[in-house]
Amino acid sequence: MTVITEDGGRTNMYATEPTMYIDPIAQQKMDSNNYVTHNEKAEKLNGRFAMMGIIAALGAYAVTGQIIPGIW
């Protein structure tokens, strides 16, 4: 535990952070330049689905002439 006394005389106790363990093999992969994180994969996938949605919306508009078929 870490104990800190503030200016007003109040004492705060904070937990000590545990040391983080990183597997040496995973560390080597992260140090290389071709390592892709989960967030990067998720962003690419979301972007691809968004592009597919726009193409599908344009196709639906071309076929039906309605912005949202069945509603407008």
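Here the structure is a predicted model, which means the values were calculated and not measured. Note: hydrogens, waters and symmetry copies are ignored here, and every other heavy atom, side chains too, is used.
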Trainee: Heavy-atom count around I4 CD1 within 6.0 Å, excluding the residue itself: above 12?
Mentor: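 Above 12, so yes.
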Trainee: Taking a hydrophobic cluster as the set of Ile, Leu, Val, Met, Phe, Trp and Tyr residues connected by side-chain heavy atoms closer than 4.5 Å, whether directly or through intermediates, do I55 and F49 fall within one such cluster?
Mentor: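 No, I55 does not connect to F49 through the hydrophobic network.
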Trainee: Is any side-chain heavy atom of V3 less than 4.5 Å from a side-chain heavy atom of N12?
Mentor: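 V3 vs N12: side chains apart.
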Trainee: I'd like to know whether D31 forms a side-chain hydrogen bond (donor to acceptor under 3.5 Å, both in side chains) with Q27, so could you lay out the CA-CA distance, the side-chain angles of the two residues, the decisive distance to 0.1 Å, and finally the verdict.
Mentor: CA-CA 6 Å; D31 290 339; Q27 183 67 41; 3.1 Å; yes
Trainee: In the hydrophobic cluster built from side-chain contacts under 4.5 Å, what are the other members alongside Y21?
Mentor: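 Taking Ile, Leu, Val, Met, Phe, Trp and Tyr as members, Y21 stands alone, with no cluster partners.
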Trainee: Does a side-chain heavy-atom distance below 4.5 Å link T2 with M13?
Mentor: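 No - every pair of side-chain heavy atoms lies 4.5 Å or more apart.
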Trainee: Supply the atom-to-atom distance K29 NZ to D23 CG, rounded to the nearest 0.5 angstrom.
Mentor: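 The distance works out to 8.5 Å.
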Trainee: Between T37 and M30, is any pair of side-chain heavy atoms under 4.5 Å apart?
Mentor: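 Of all side-chain heavy-atom pairs linking M30 with T37, none is under 4.5 Å.
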Trainee: Would you mind listing every side-chain hydrogen bond (donor to acceptor under 3.5 Å, both in side chains) that reaches into residues 39-49, with sequence neighbours excluded?
Mentor: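 Pairs touching residues 39-49 that pass the test: none.
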